[in-house]
Structures are given as C-alpha cells and as structure tokens.
Amino acid sequence: MKNDLIRILKTVLKQIGEENGIDFSNKKVSIQENKEKSHGDYASNLAMVIAKDLSQTPREVAEKICSLLPSEEWIEKVNIAGPGFINFYLKKDTHNEILLLIEESGRDFGRNNSGNGERVLIEYVSSNPTGPLHVGHGRGAAFGSVLSELLRCAGYKVDEEYYVNDHGRQMNILTISIWLRYLHQNGQELKFSKKGYQGVYVEQLAKQLAEEKGTKYNLKENESDLLELLEAQETEEDLDRLIGWGKSFLKENFEEIREFSLREIMSSIKEDLKLFGVNHNLWFNESSMYSNKIDLPDIDKSIKLLSESGFLYEKEEALWFKSTEFGDDKDRVVKRANSDNTYFASDISYHLDKYDRGYDRIINVWGADHHGYLPRVSAAMEALGKSRDKLEVVFIQFANLLRNGEKVSMSTRGGEFIPLIELIEEVSSEAARFFYINRKADQHLDFDLDLAKSQTKDNPLYYIQYAHARICGVFETLKKEGMKLNQELGLDNLNLLNLDKEIEIQKMLLQYPEVISRAAKNSEPHLICYYLKDLSGLFHSYYNSERFLVDDEKLMNSRLFLLKGTKQVISNGLEILGIGAPESM
RNA sequence: GCCCCGUUAGCUCAGUCGGAUAGAGCGCCGGAUUCCUAAUCCGGAGGCCAUAGGUUCAAAUCCUGUACGGGGCACCA
C-alpha cells in the first residue's frame, strides 16, 4: 500500500513537472506512517518539497496534487493538513491484507531478497585461545550471531567466521604457564610467574595434562637455571627468557603441550558458544598462514605483495608500512627489528585472504577499543588494490554488568575475568542474548542481571514470550472446548476486525518486514527487540479489553485469525534473535 | 594533543536515514481480576532533546564550535 501510494505520487509529480517545465526526477517521493491517528494512515510531504520550485505555497501545491490523484477503491479519503501534508485515510478492511500475507508466508514472513544472494563474511568473537570466553565477549558474540541471521533473512548468503590467534607470544606464554602448573601438579615445588596466565582453567588443564601424560614433561634433575629464571619473574623480558629456556628444555614436547593447550581451550570455547546459540561455520587459524602450504594464505607472500606496491620501507631495522599514505595517523610496523611479524602483519594477510575468497561484503565485529585499528587495516587493503568499502566494521561498545543496581567488576579479585558460561548459567542463554542485543551497538550497555532473571513485565523478554504463550493459551482453551479455528470463516470475516486496537495491531504487523530490512541494512538488531515489545504491548492491551472466544462464530474466528498472525510474527522475530517462543509459561 | 562513541523524563533507553502535539519501561500517585494465564491492563504527574551558532518551508535528527562522560592512540595481541 505504501509503495502503491509512492507510485501514484510519482506519476502525479511527473505530470506537474511536465506542465511547468521542471524536471522533478531527482526528487525523492516518500511516504510516512502517521503515529497520530487523526492524521490518517499515511502522509506525504511532497507538496512542501516542491513548493519552492513552483514558487507557490505548499498548500496550493498540495491542492494541485490532490486534484490530480486518481481515485482508488482502497483509499477512504485524502486531505491537506498542517503546513502542507497530504494525509491518506485508508478503508478499514485494507488493513486485513496483511493477515492474508502472513498466512501465506508463515515462517518466511519478513524475509526479503534485498541481499540478492550476495556472499557476506561476518567475523566475530575471535577471542584469543588463551582462556575461556568471558563476559566481555558476550555482547559481540550475541550481536554477530543475530546479525548473521538477520542478513540471511535479507537474502544474503552468510558465513560466520572465528579467527583463532594461535600463533605468537601469547600462546607461548600460555604453554609455559600450563607447563609450570603441571610441574607443580607433579610435586615439583616452584614459584609461578606473575606474568603468566593465572586462571583456574590453567590449573585444570595442567591437572588434565598430568593425568594424560604422567611425568613425561617433568624436570629430570636439579635445574637451577629454571629456579633462577622463576625468581626473576618481574618483567616481560624475563618471561621471554623463560619461554626460550622452556623451549630449549622441552624441545618437541613444548609443541606438544602447546597443541594440547590450544585444543582444550578451543574446545571449551566452542562448547560455550554452542550453549550460547552461536554457531560459526568457519574457523581460521592464524598459524595456517605460517604453514608454508601452497593452498593456504601465506604471510610472507602478503608482505611481499605489499612491498611490491611500494608502500613498505625499512627504518631502525624494522619494516614499516606507509599507512599514512591512506589516511592513518602514523606508519605501522609490519616486521619487528627482531624479524618477528607483528599482529598487524597477520591481519593484513588474513584480510587479504578474505578478499580473495570472493565475498561481496566483509563484516568485522570488533570491540570499540579496536577502533584505532581499522585505519591501518583498510590502508593495507587499499595499498593492495582492494576496495576499502567492502570491509565494514561494526564496533561494539562495552557492557557493564549490574547486580542490585551496582556495577559488577568484570574480573575477579585474582584478575581472572568472569567466564561467559557463568552468565549463561545464571540468567539463561536466551535472556543473555536478548539483553545484549537490546541496545544499539554503539551505545554503552548496562546489563541488569536481576532484571534478566525476573519474571515480570519489567523484563521485556518475558513480556514478549508471555504474549506468545497467552495466544497459545487461547488456542489451547479453544481446543479443550472441542472447537478449532475455522480458517475460512475467519478469512471471510476479517472486515469485522475494525476496533481501534485491531487496526493498530494489523498496522504493526505490516511494519514487521520493514523493521527486518532496516535492521539488516543498518546492522541494528536491537530494532527487532523494540518492535517485539511494542507488538506484544498492543496484544496484551487487546487481550485485556476484548474476549476472543465469543459466541458469534464469525467474530470469534476473525479474531482468532488476527491472533494467529500476531503469534507468527512474534515467533519469527524471536527466531532471528535465537530465542524460543514458548507455548506456555 | 589527536581519533572514535555517547549526552533525550528522577533512572535505563527508543526515536522509522529532516516532518505535525518527542515515546516506552522502571520508579512515583490512583484504579481494574465471579470471565481465554494479573508474568497482564487502564489513568495521572514528570522534557529548554547537554550547550552556542549554522543549513532548511521544517532540526532531537544534518554541519561547526564548546562542555561533560566512556574508550583508544606499541617494534602487545
């Protein structure tokens, strides 16, 4: 209907343009939905937009436009109001069409094909494999997961990828930390590096390692070197020396422990993600770019390509990329003076590979603290001749956890972060997802743990799910009384749905597909939460003011049909959020 | 110093890419249940949309400056 109105107005606009010798083809014709009922269903601002070009007052122009409007059977009336708005009032039964559409589309209602089958890669979470997921990762995880689903709804072909930083110093630190704990486990008394990883999980993994491998990695004799190194654990350099020592002592066993650690931690991360309803279908290991395999991306090759582009130079024995040429604040090191590649080097190679895999859109979901990192990555892609626009980054602001109205520290006293799994266990995966999504991504988020657990209308998720359950309850009662929805009778009598509340609900249902496309287009999944809350609110209000199971069968079936459509839309919306729509509560 | 995000009701936040009288929940005040789930609903009070300019027929929305809050500015990952 909205599109029909736009089409009609466009025709009128062209006509006026021709009469006055003005080309209006670049003017945007838009229709807005009126929130104020007395203004009719839709309004157009067209008269005000072109009034100046015609040197007439907006109201005069509006009169002219109205006189040219063809009469359509679904339009009740048209009038001019305010500064020059043209208001359209639709016939009441026009609103029924949406129910037919929902009935036909069912679970597909709200899907569209604006993405046109284009391929999108969404990389998110990508937490370092040096410890379990913690609450700081939750928001990005929920966001990426819902965004993926949303883009699928919009007709994109989506891959969800996790980038595993399994190469470099942090993994070595983890390995050495676990090894030290392992030695302790096997009765070899020693102090622990303050600089290493301290978490409980390190101890658990060490224990597991001891159970699996016995004393295989034990110190064979008195190793005074090690003790000295441990005593001196104060600086990063000490830590690096310890790693060097550990490597030379353990030889190939170091690699074994490293692989064990990586495997175990990644499997716990995967487990947590699964519980959280997050399903990556691709896992990209940083180390694969160092494997020198012909069919895998290669970091040296990428650096060489960049070098050939002429934007690399040497300074103070390090290799620099001239990112300032592409708008970055300063040039960035790609290869350090000690000839190690930087993390940035890996990212160049990794992102180059994303481009080479042929995606139409590449989306990264990053924490807001990484925003300064984007210019250099984009710069590198541009230097390599890639389109900068293809790479989109959504920055997610931090979330605070609140308990009893007070901020909960994100980490425990021991410096260990609160694991995501604890949050999931406390408030449930669904509530956690909902509350993480329930805010615009670029907005700081206060996650109220008590609210997420509460079972009242204060909790928007319960409010929505309750609406769904209530509708199911009505149908349940219907069944108990030995009746069932008479689809045809309902369809034939939709025109009985003419109460204000009924019209409002139908108009709200009509908006659902638009909400979905806008949410997908702008990466704003929170819109779905707000929409579902509004829709549920309308339903609850309707529920309290009218009875559905009435004697008049025509009325009853038409109302049941409206309920059925509402139920469908709530469940479709929740599905995108990865949340169930319960039949009863 | 530079960069990013924010500033809307007492609190937490929406605000349909510029529209008519700025919305919701919580909190506060007052109501509704012999009836499909009261996990709900109805009514009321509560606003200089941080601030100063600019663009426009029209600005919470776009542009610029200022103030305040959060984050970031490594040969770390």
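Per chain, numbering begins at 1; letters A, B, ... match sequence-line order.
Among residues two or more places apart in sequence or in another chain, the side chain to side chain contact (heavy atoms under 4.5 Å, CB included) test is passed with Ala62(A) by Ala47(A), Ile80(A), Ile86(A). Among residues two or more places apart in sequence or in another chain, the salt bridge (charged side-chain N to carboxylate O under 4.0 Å, His left out) test is passed with Asp347(A) by none. With sequence neighbours left out, the salt bridge (charged side-chain N to carboxylate O under 4.0 Å, His left out) criterion links Asp446(A) to no other residue. A search for side chain to side chain donor-acceptor pair (under 3.5 Å) contacts involving Asn364(A) returns His351(A), Lys354(A), not counting sequence neighbours. The side chain to side chain donor-acceptor pair (under 3.5 Å) search around Thr324(A) returns Asp331(A), not counting sequence neighbours. Residues satisfying the side chain to side chain contact (heavy atoms under 4.5 Å, CB included) criterion with Ala399(A), sequence neighbours excluded, are Arg139(A), Tyr436(A), Leu445(A). For Phe398(A), the side chain to side chain contact (heavy atoms under 4.5 Å, CB included) test picks out Asp369(A), with sequence neighbours left out.
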Sugar-phosphate or base contact per nucleotide [nucleotides 68-77 of chain B; S, B, -; heavy atom under 4.0 Å] = --SBSSSBSB

For nucleotides 17-23 of chain B, read 5' to 3', which letter fits each nucleotide if B means a protein heavy atom sits under 4.0 Å from the base, S means only the sugar-phosphate is that close, and - means neither?
-> B-BB---

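Side chains of Glu502(A) and Tyr542(A): a donor-acceptor N/O pair is present below 3.5 angstrom, by distance only.
Between Gln443(A) and the phosphate of U12(B), there is no side-chain N or O to OP1/OP2 separation shorter than 4.0 Å.
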What nitrogen or oxygen pairs link the protein and nucleotides 31-33 of chain B at under 3.5 Å?
none

Write down the protein N/O and nucleotide N/O pairs, taken from nucleotides 26-28 of chain B, whose separation is under 3.5 Å; answer none if there are no such pairs.
| unit_1 | atom_1 | unit_2 | atom_2 | d |
| --- | --- | --- | --- | --- |
| C26(B) | OP1 | Lys457(A) | NZ | 3.3 |

Parsed dot-bracket for RNA chain B after applying the Watson-Crick and G-U rules with both distances under 3.5 Å and | for other-strand partners is (((((((..((((.....[...)))).(((((.......))))).....(((((..]....))))))))))))....

